[in-house]
Number of protein chains: 2
Amino acid sequence: MNREGLSSPRTENSGTGTLGKALSVLEIVVSSDRPLRFSEILALSDQPRGTLHRQLSHLVEEGLLIQGRDLCYEPGLRLLKFAYRSWSKNQFRAVAAPHLRKLHEETGETVHLGVLRGTEIIYVDKVESRQTVRMESQIGNASPVYCTGLGKAALSVLPQHRLAETLGKLTFHRFTANTHLSVASLKRDLDEARLRGYAFDREEHETEIRCVAAAIHGAGFDLVGGISVTGPAYRVTMEQLEIWAHPVRQAAVAISEDVEVRLGPGR
Amino acid sequence: MNREGLSSPRTENSGTGTLGKALSVLEIVVSSDRPLRFSEILALSDQPRGTLHRQLSHLVEEGLLIQGRDLCYEPGLRLLKFAYRSWSKNQFRAVAAPHLRKLHEETGETVHLGVLRGTEIIYVDKVESRQTVRMESQIGNASPVYCTGLGKAALSVLPQHRLAETLGKLTFHRFTANTHLSVASLKRDLDEARLRGYAFDREEHETEIRCVAAAIHGAGFDLVGGISVTGPAYRVTMEQLEIWAHPVRQAAVAISEDVEVRLGPGR
DNA sequence: GAGTTAGTTCCACATAATGGAACGATGTGG
DNA sequence: CCACATCGTTCCATTATGTGGAACTAACTC
């Protein structure tokens with residue numbers, strides 16, 4: 001808690017001692033879209049060689065990484081195992097699941113459940129539009145808050161100080177022609193969303209993809225997330241989204257209430 | 001590598017220094033089926049209070065755990081994020097995916113892809129039987145080798161020494177009336193599987209669930225896994241499984257070859 | 001086969017983890 | 001309502017662990 005400014009007045013110590021460093025190395029490997037060589041990781045991290053080498057060995061020994069032939073490092077299976085356990089027992093997901101299904105039946109399109117974590121929305125569950133193409137599961141995927149319906153819905157209900165804090169940490173990246181690129185324009189959007197009670201994604205993250213989303217927040221604001229209906233632009237017009245906005249919002253409210261009851265003060 | 005017997009002649013140091021300890025704490029929380037209190041974790045770990053408390057704080061700071069109201073610890077979202085990235089970019093899975101789909105079309109039942117890790121099979125991908133009930137995704141789930149078709153198929157192709165090593169580490173648990181409970185009986189089953197080229201699960205893990213599986217092994221034996229077709233006993237008889245055995249084995253061979261080519265010496 | 005780059009090992013040193021003990025907070029029963 | 005017990009958190013001297021520069025080896029390159 002009071003780690004800042006202890007050892008030397010500046011350091012802004014990012015990372016929790018040894019664990020933090022190990023995880024940032026892990027993150028480098030996991031974030032890459034192909035197996036990495038030692039020196040590539042070395043270039044991406046700011047660790048000295050000896051240190052990095054030992055950290056990697058440890059991660060491999062623990063099964064968080066595997067080292068294939070040709071000395072490349074890739075994510076290990078133990079990560080999957082961890083995630084399975086945490087996902088399958090996630091209470092928030094379990095509480096929300098029936099509402100997702102209901103919303104899916106009402107709209108026929110893909111429904112997502114996401115949770116706000118820092119400046120990202122992490123997808124926790126979904127019900128797919130139909131079985132046509134086996135879409136890659138989004139579960140566990142993280143998207144920036146500023147260009148997703150879920151992200152904007154979640155932000156729009158944050159209390160002042162937490163919103164300011166989050167906005168301060170944003171760095172923008174242009175995904176499409178419609179992506180917000182400044183705090184100012186994002187803020188205007190959030191204001192509208194707050195008034196309406198729901199947020200849109202007008203092809204801001206991917207072209208030809210639109211969505212409506214509404215926020216969920218548990219007791220206090222320790223858990224903030226949202227639920228959304230997403231579809232391809234050719235069959236999901238903005239008018240259609242306006243129509244779905246109501247059921248989406250209802251579902252979000254229902255989940256919030258359920259969360260309150262099932263995960264709230266009593267237990 | 002040469003960590004054993006350094007500091008004090010015995011210690012059999014399980015765990016990679018600080019990281020290993022942190023992970024074993026994480027494992028305790030993640031393995032539990034409900035959020036745990038500090039003292040519960042304390043009882044399950046063999047760490048002193050002060051130490052454990054700091055480790056937990058670090059895990060929370062890193063987002064691997066979250067501490068809900070009432071001071072309970074639960075798995076954090078960062079785990080999901082890690083897993084998503086590693087799953088979606090897993091080359092083995094990508095190579096095998098078309099074969100899974102093909103096998104699913106041929107059989108109409110659920111197809112699983114798994115990898116051997118220690119004494120467990122970890123499910124890496126699947127294609128579901130049909131969309132009736134939204135079955136909990138098994139991806140990332142770990143099951144014991146000795147009571148699953150995939151596990152036995154994988155074991156049956158292991159070289160002598162690795163098999164012996166793995167068998168030595170097994171501890172048996174009776175899941176159903178048919179579960180193997182001794183190395184001897186498991187070995188007989190493996191011998192048959194080795195001869196045939198495929199393995200069965202005769203309701204050994206869950207009653208009313210049967211499967212056929214065949215092994216996949218990449219270059220050398222650094223990657224051993226399998227593919228299986230699973231179904232409920234009422235519609236999947238042993239005779240049916242015998243019929244499917246052939247396509248399953250073919251798919252396994254095809255995947256092995258693809259893996260060899262796509263992930264083999266060339267890259 | 002000399003030169004370059006990538007990967008691994010080593011070890012004196014300093015930092016970060018350790019764990020016993022003291023301190024609050026919470027809650028339980030007499 | 002107060003004594004007592006349990007649970008969670010904080011503190012700090014000790015030391016185990018991680019650190020990182022440098023020396024070493026292996027693997028490519030020209």
Side-chain angles (χ1 to χ4, degrees), chain A residues 1-26 28-29 35-62 64-74 265-267, chain B residues 1-26 28-29 35-62 64-74 265-267:
Chain A
M1 311 302 159
N2 50 359
R3 311 196 98 263
E4 297 84 331
L6 271 189
S7 41
S8 72
R10 103 202 35 247
T11 12
E12 180 50 77
N13 200 343
S14 59
T16 326
T18 311
L19 179 63
K21 290 171 197 163
L23 288 177
S24 65
V25 171
L26 181 60
I28 289 173
V29 177
L36 290 179
R37 306 288 296 275
F38 177 82
S39 355
E40 299 180 286
I41 303 171
L42 182 61
L44 291 167
S45 78
D46 48 0
Q47 305 284 348
R49 292 152 76 116
T51 303
L52 180 65
H53 190 264
R54 185 180 29 75
Q55 289 170 331
L56 285 169
S57 315
H58 284 173
L59 289 167
V60 169
E61 265 186 83
E62 289 298 335
L64 301 184
L65 290 181
I66 48 181
Q67 193 175 20
R69 90 224 86 251
D70 74 357
L71 302 180
C72 276
Y73 293 91
E74 321 174 40
R267 137 60 38 114
Chain B
M1 307 299 162
N2 50 359
R3 311 197 96 263
E4 299 82 334
L6 272 189
S7 43
S8 71
R10 102 202 33 246
T11 8
E12 180 51 77
N13 199 342
S14 59
T16 323
T18 310
L19 178 63
K21 290 172 197 163
L23 289 177
S24 66
V25 171
L26 180 60
I28 289 173
V29 177
L36 292 179
R37 307 287 296 274
F38 177 82
S39 356
E40 301 178 285
I41 303 171
L42 182 61
L44 291 167
S45 77
D46 46 1
Q47 307 280 352
R49 293 156 73 126
T51 303
L52 180 66
H53 189 263
R54 184 179 29 75
Q55 289 170 331
L56 286 170
S57 316
H58 284 171
L59 288 168
V60 169
E61 265 186 81
E62 288 299 334
L64 301 183
L65 291 180
I66 47 182
Q67 194 174 19
R69 90 227 87 248
D70 73 354
L71 302 181
C72 277
Y73 292 91
E74 319 174 41
R267 128 80 33 115

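Within every chain, numbering begins at 1; the chains are lettered A, B, ... in the order of the sequence lines, protein sequences first and strands thereafter.
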| field | Minimum-distance nucleotide to A:His58 side chain [options: C:dG7, D:dT9, D:dG18] | value | D:dG18
| What is the distance, rounded to the nearest whole Å, between atom CG of B:Leu52 and atom P of C:dA17? | 15 Å
Contact list (N/O, under 3.5 angstrom) for nucleotides 20-25 of chain C vs protein:
none

| B:Thr18 side chain: which of D:dG8, C:dA17, C:dT8 is closest? | C:dA17
| message | Please list all pairs meeting side-chain hydrogen bond (donor to acceptor under 3.5 Å, both in side chains) that have one or both residues in residues 38-52 of chain B, counting only residues at least two apart or in different chains. | response | B:Arg34-B:Glu40
| task | Verify the contact: side-chain N or O of A:Gln47 to OP1 or OP2 of D:dG18, cut-off strictly under 4.0 Å; return yes or no. | result | no
| request: Assign B:Arg54 to base, sugar-phosphate, or nothing according to its heavy-atom contacts below 4.0 angstrom with the strands shown. | output: base
| Can you check the A:Glu61 CD to C:dT8 P distance for me, whole Å? | 14 Å
| query | In whole angstroms, how far is the C1' atom of C:dA17 from the CG atom of B:Leu56? | reply | 14 Å
| task | Could you tell me the separation between the CD atom of A:Gln67 and the CZ atom of A:Arg37, rounded to the nearest 0.5 Å? | result | 10.0 Å
| query | Start at the 5' end of DNA chain C and walk down; is the nucleotide closest to A:Leu19 or to A:Tyr73 reached first? | reply | A:Tyr73
| field | Any side-chain heavy-atom pair of B:Leu19 and A:Thr18 under 4.5 Å | value | no
| message | Between B:His53 and D:dT9, is there a contact of a side-chain N or O with OP1 or OP2 at under 4.0 Å? | response | yes
| message | Between B:Leu64 and B:Val29, is there a side-chain heavy-atom distance shorter than 4.5 Å? | response | no
| note | With the side chain defined as heavy atoms from C-beta on, A:Lys21 is closest, among D:dT19, D:dT9, C:dA6, to D:dT19
| request: Please report, rounded to the nearest Å, how far the C1' atom of D:dT9 is from the CD1 atom of B:Ile41. | output: 14 Å
| said: Any base atoms under 4.0 Å from B:Leu42, or only sugar-phosphate, or nothing? Heavy atoms, all strands. | reply: nothing
| remark: Looking only at C:dT8, C:dA16, C:dA6, the nucleotide nearest the A:Gln67 side chain is C:dT8
| Going by heavy atoms in the side chains, are B:Tyr73 and B:Leu56 under 4.5 Å from each other? | yes
| request: Check whether any side-chain heavy atom of B:Val60 lies under 4.5 Å from a side-chain heavy atom of B:Ile66, and answer yes or no. | output: no
| said: Contact between B:Leu59 and B:Glu62 at the side-chain level, heavy atoms closer than 4.5 Å - yes or no? | reply: no
| remark: note: A:Arg37, atom CZ; D:dA27, atom P; distance rounded to Å ~ 12 Å
| Starting at CZ of B:Phe38 and ending at P of C:dG27, how long is that distance when rounded to a whole Å? | 17 Å
